Student: 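Structure in structure tokens, see below.
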There are 2 protein chains.
Amino acid sequence: MQRRITIKEVAEAAGVGVATVSRVLSGGSASAETREKVLAAAARLDYRPSALGRNLRRQRTGGIGLLVPDITDSFYARLADGVLSCARSYGEPVTVGVTGDDPEREAELIGTLIEQSMDRLIAVPSGDGEMWGPALRAGLNVVFADRRVRADVPSVVPDDRAGVLTAVEYLAGLGHRKIAYLGRHGQSQRVAAFTSAIASLGLPADRDLVVHARSSRDSAYAAAAGLLQHRADVTAVIAGGNVLGEAAVLAARELDVRIPRDVSLIMFDDVPWAELCSPPLTVISQPAQDIGYRAAELVFRQGRRPPAVTLPTQLVVRASCGPKASARR
Amino acid sequence: MQRRITIKEVAEAAGVGVATVSRVLSGGSASAETREKVLAAAARLDYRPSALGRNLRRQRTGGIGLLVPDITDSFYARLADGVLSCARSYGEPVTVGVTGDDPEREAELIGTLIEQSMDRLIAVPSGDGEMWGPALRAGLNVVFADRRVRADVPSVVPDDRAGVLTAVEYLAGLGHRKIAYLGRHGQSQRVAAFTSAIASLGLPADRDLVVHARSSRDSAYAAAAGLLQHRADVTAVIAGGNVLGEAAVLAARELDVRIPRDVSLIMFDDVPWAELCSPPLTVISQPAQDIGYRAAELVFRQGRRPPAVTLPTQLVVRASCGPKASARR
DNA sequence: CTGAAAGCGCTAACAC
DNA sequence: GTGTTAGCGCTTTCAG
């Protein structure tokens with residue numbers, strides 16, 4: 001391992017003190033002449049300031065941490081892409097962790113990040129936000145993405161209320177009355193929006209009409225299949241994410257229930273394959289990449305920040321919804 | 001920002017010296033009694049050793065860097081997931097960067113990682129491997145994933161030769177002779193395998209039958225559309241990745257060329273939607289997550305490492321390939 | 001405007 | 001077995 005050039009060597013090469021080098025390189029004041037000398041020496045030696053040294057001294061890390069439930073889920077991948085893209089413009093590294101929507105694992109990852117003295121963190125929180133107390137008190141600069149679970153943490157979220165309402169209204173307009181919501185744990189926001197939308201349209205309320213899956217394809221499939229199997233009376237389902245939508249289509253095929261003839265399907269999150277699917281899926285598109293980007297902007301912002309920014313969703317009608325079918329069986 | 005507990009405070013609380021605390025916490029020798037005291041004090045104060053301090057002293061970072069062309073591409077997302085999963089078992093953080101398959105951007109990211117004193121790096125290299133010289137000489141512990149562009153860097157790659165050969169043979173068996181390869185830049189391996197497979201089966205060689213796209217959906221679509229439009233004589237295409245496959249299906253629909261009636265399609269990389277697609281896509285599946293996991297194992301391994309590990313691919317026949325059609329138009 | 005010096009938190013010699 | 005101490009590379013007072 002080749003030894004690394006240090007500020008001291010640059011100072012010697014330039015014939016100045018280390019403090020001067022530090023100042024010049026961080027844009028402090030210096031005479032034009034000195035500046036020149038230092039810059040030349042640094043360039044000549046190909047000097048790279050050690051982030052370790054700087055961070056230790058400064059007692060903070062520039063970089064940012066990013067916690068997502070599942071990087072394999074297109075939605076979170078796009079969200080991450082947004083964060084990465086913003087961070088790149090700041091030249092700051094981002095450390096990502098996968099929580100699997102498990103609060104325990106999340107806490108563990110937060111611990112790792114704290115050990116790194118990472119003081120900026122973007123997270124799709126997995127629990128109800130309780131365990132964030134300590135981290136917050138420790139001074140961690142956190143912003144939540146996709147889910148808003150605490151009022152004291154700035155959050156960037158899609159407009160769940162509007163999105164769900166649009167979906168439910170659209171389905172109701174097609175004559176559906178028994179509409180199910182297939183969600184994943186941690187989406188309390190959305191479930192609340194769903195039940196309230198159902199209520200506001202005077203549709204029959206039924207707790208069993210919302211089904212939850214954990215953060216895995218298997219779990220999603222099981223939930224979807226269970227719903228389709230046991231509730232032959234539901235004529236429409238809203239899948240709370242692309243993995244759930246995928247599971248719903250798969251389960252429907254397996255169980256030989258036809259979309260949209262037997263049941264209509266609306267999926268949250270527009271993904272490229274939604275259009276290629278048979279039938280093409282009607283979706284509520286969400287600005288995943290934007291959510292990430294905005295969250296990153298927020299976490300880099302020093303001053304007072306808005307408590308929440310809500311980004312619009314959009315209904316994209318394709319071919320997975322039809323008029324209410326007579327109940328199956 | 002709450003001040004952080006330091007080793008010194010733990011030492012005082014336990015009534016021992018700092019070195020002892022350090023030793024105990026890193027599993028060094030100490031009497032049972034002291035160990036007890038230290039552990040108790042550390043737990044009581046909720047002490048978190050600062051990675052910054054340790055790394056500065058040690059002159060290295062535990063964590064690992066990961067460079068992928070596009071985190072939004074399911075293949076790389078799964079690869080990343082594998083890396084993350086392995087790193088988690090070591091309790092080490094991973095810093096990810098997106099190169100967009102651009103060597104310049106890649107170099108920039110490597111620079112950032114070096115500033116962090118990151119000494120372990122997993123990369124899907126974007127160029128021909130030339131620019132890796134300096135980084136390697138600087139002692140960076142690199143392993144390549146998905147692509148093998150330098151013999152002096154351990155690599156974990158899918159078995160491109162076998163995969164491509166299988167695909168070409170399958171297609172040839174169906175009667176196809178004009179087979180095109182739709183790849184992305186940087187996949188030189190695969191292109192070589194393709195041309196050699198074509199040759200070994202005695203099919204007509206034609207340089208224009210391999211088309212390249214850059215790392216974006218738009219570029220992929222343009223390449224696919226161009227191929228389908230200008231080469232009405234090709235009756236089968238192999239897409240070198242899921243993004244390219246998606247683009248091919250989309251372009252085919254747009255141009256009203258039917259799969260598999262007008263052209264057969266084999267896609268590299270099996271993704272959940274391949275089965276949901278209309279028609280379901282025949283694919284060469286690749287162990288993306290495994291590639292990442294194995295690469296991570298390698299980068300953590302200290303001693304001598306195998307120069308390359310090749311992971312098997314598999315042909316999954318679905319419905320996107322048919323017998324050779326008469327040339328369109 | 002510039003240099004000397006004091007640490008940031010930690011580990012690894014080195015003494016005891 | 002345990003404590004003391006010297007830095008790792010850097011920024012930031014504080015003098016000059």
Side-chain angles (χ1 to χ4, degrees), chain A residues 1-39 41-42 45-63 112-119 138-139, chain B residues 1-39 41-42 45-63 112-119 138-139:
Chain A
M1 176 87 182
Q2 174 157 342
R3 218 181 39 68
R4 178 189 179 117
I5 305 292
T6 74
I7 198 174
K8 203 171 153 195
E9 302 172 72
V10 177
E12 272 168 19
V16 301
V18 291
T20 304
V21 176
S22 174
R23 262 186 236 109
V24 169
L25 263 31
S26 47
S29 62
S31 75
E33 194 193 0
T34 338
R35 159 167 283 112
E36 202 58 37
K37 280 195 300 188
V38 170
L39 258 21
L45 298 179
D46 190 31
Y47 170 63
R48 297 280 192 171
S50 157
L52 246 38
R54 173 177 35 243
N55 293 340
L56 179 56
R57 172 62 218 231
R58 289 243 193 99
Q59 296 286 67
R60 35 174 295 226
T61 304
T112 309
L113 293 175
I114 287 183
E115 279 189 9
Q116 311 293 322
S117 300
M118 210 145 268
D119 51 0
Chain B
M1 177 86 180
Q2 175 157 341
R3 217 180 41 67
R4 179 188 178 117
I5 304 293
T6 75
I7 198 175
K8 205 170 153 197
E9 302 172 71
V10 177
E12 271 167 21
V16 301
V18 290
T20 304
V21 176
S22 175
R23 262 185 235 111
V24 169
L25 262 30
S26 47
S29 64
S31 76
E33 193 193 0
T34 3
R35 158 166 283 111
E36 201 58 38
K37 279 194 299 186
V38 170
L39 259 23
L45 298 179
D46 189 29
Y47 169 62
R48 297 281 194 171
S50 156
L52 246 37
R54 174 180 31 244
N55 293 340
L56 179 55
R57 173 64 223 231
R58 288 248 200 92
Q59 297 285 68
R60 36 175 294 227
T61 304
T112 309
L113 293 175
I114 288 183
E115 280 190 7
Q116 311 293 321
S117 300
M118 212 145 267
D119 51 0

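Side chains included, hydrogens not; waters and symmetry mates left out as well; all remaining heavy atoms used. Model, not experiment: these values are computed from the prediction.
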Student: Is there side-chain contact between Ile5(B) and Asp46(B), with heavy atoms separated by less than 4.5 Å?
Tutor: no
Student: Can you name the nearest heavy-atom pair linking Leu56(B) to Leu52(A), along with the distance?
Tutor: N-CD2, 3.8 Å
Student: When the distance from CD1 of Ile5(A) to P of dC8(D) is rounded to whole Å, what number comes out?
Tutor: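 Those two atoms, CD1 and P, are 15 Å apart.
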Student: Tell me whether the side-chain N/O atoms of Thr6(A) come closer than 4.0 Å to OP1 or OP2 in dC8(D).
Tutor: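 So the side chain of Thr6(A) is outside the cut-off, no N or O lying under 4.0 Å from OP1 or OP2 of dC8(D).
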Student: So, OP1 or OP2 of dG1(D): does either fall under 4.0 Å of a side-chain N or O from Ser29(B)?
Tutor: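 So the side chain of Ser29(B) is within the cut-off, an N or O lying under 4.0 Å from OP1 or OP2 of dG1(D).
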Student: Lys8(A) has an atom NZ; how far is it from atom P of dC10(D), in whole Å?
Tutor: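 Computing the Lys8(A):NZ to dC10(D):P distance gives 12 Å.
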Student: Got Thr34(B) and Val24(B) here, is their nearest side-chain heavy-atom distance under 4.5 Å?
Tutor: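 Thr34(B) vs Val24(B): side chains apart.
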Student: Please enumerate all residues that pass salt bridge (Lys or Arg N to Asp or Glu O under 4.0 Å) together with Arg60(B), with sequence neighbours excluded.
Tutor: Asp119(B)
Student: Can you pull the salt bridge (Lys or Arg N to Asp or Glu O under 4.0 Å) pairs that have at least one residue in residues 47-57 of chain A, sequence neighbours excluded?
Tutor: Arg48(A)-Glu115(B)
Student: Taking atom CG of Asn55(B) and atom OG1 of Thr61(B), what is their separation to the nearest 0.5 Å?
Tutor: 4.5 Å
Student: dG3(D) P sits how many Å from Glu12(B) CD, rounded?
Tutor: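 Going from Glu12(B) (CD) to dG3(D) (P), I get 13 Å.
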Student: What is the nucleic acid contact for Gly17(B), judged by heavy atoms within less than 4.0 Å: base, sugar-phosphate only, or nothing?
Tutor: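 Counting heavy atoms under 4.0 Å across all strands, the contact made by Gly17(B) is with sugar-phosphate only.
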Student: On DNA chain D, does the nearest nucleotide to Ala30(B) precede the nearest nucleotide to Tyr47(A) from the 5' side, or the other way round? Give the residue.
Tutor: Ala30(B)
Student: How is Leu56(A) classified with respect to the nucleic acid when contacts are heavy atoms under 4.0 Å: base, sugar-phosphate, or nothing?
Tutor: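 If one applies the 4.0 Å heavy-atom cut-off, Leu56(A) turns out to touch a base.
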Student: Let me confirm one number: the CG-OG1 distance from Leu45(B) to Thr6(B), rounded to the nearest 0.5 Å.
Tutor: 9.5 Å
Student: Which heavy atom of Gly63(B) sits nearest a heavy atom of Met118(B), and at what distance?
Tutor: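 Reported closest heavy-atom pair: O-CG, 3.9 Å.
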Student: Distance under 4.0 Å to a non-hydrogen atom of chain A counts as contact; along DNA chain C, which nucleotides mark the start and end?
Tutor: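 So the contact region on DNA chain C extends dC1(C) to dG9(C).
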Student: Scan nucleotides 12-16 of chain D against the protein and return all N/O pairs shorter than 3.5 Å with their distances rounded to 0.1 Å.
Tutor:
residue : atom : partner  : partner atom : Å
dT12(D) : O4'  : Arg57(A) : NH2          : 3.2

Student: Could you tell me whether a side-chain N or O of Arg35(B) sits under 3.5 Å from a main-chain N or O of Gly27(B), the two making a donor and an acceptor?
Tutor: no
Student: Have a look at the helix from dC1(C)-dG16(D) to dC16(C)-dG1(D) and give the angle its two end axes make, five pairs each, rounded to 10 degrees.
Tutor: 40°
Student: Expressed in angstrom and rounded to an integer, what is the separation of Glu115(B) atom CD from dG9(D) atom C1'?
Tutor: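 Atom-to-atom, Glu115(B) to dG9(D), this comes out as 13 Å.
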Student: CZ/Arg58(B) to OG/Ser117(B) distance, rounded to the nearest 0.5 angstrom?
Tutor: 13.0 Å
Student: Please report, rounded to the nearest Å, how far the C1' atom of dG7(D) is from the CD atom of Gln59(B).
Tutor: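 About 10 Å, once rounded to whole Å.
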Student: Which residue pairs pass the salt bridge (Lys or Arg N to Asp or Glu O under 4.0 Å) test when at least one of the two sits in residues 8-34 of chain B, sequence neighbours left out?
Tutor: Arg3(B)-Glu9(B)
Student: Both Ala51(A) and Gly15(B) contact DNA chain D. Taking the nearest nucleotide for each, which residue is further toward the 5' end?
Tutor: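 Between the two, 5'-proximity favours Gly15(B).
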Student: Could you state the CZ-C1' distance from Arg60(A) to dT11(D), rounded to the nearest angstrom?
Tutor: 13 Å
Student: Strictly distance-based, threshold 3.5 Å: is any side-chain N or O of Ser22(B) a donor or acceptor partner for the main-chain N or O of Val18(B)?
Tutor: no
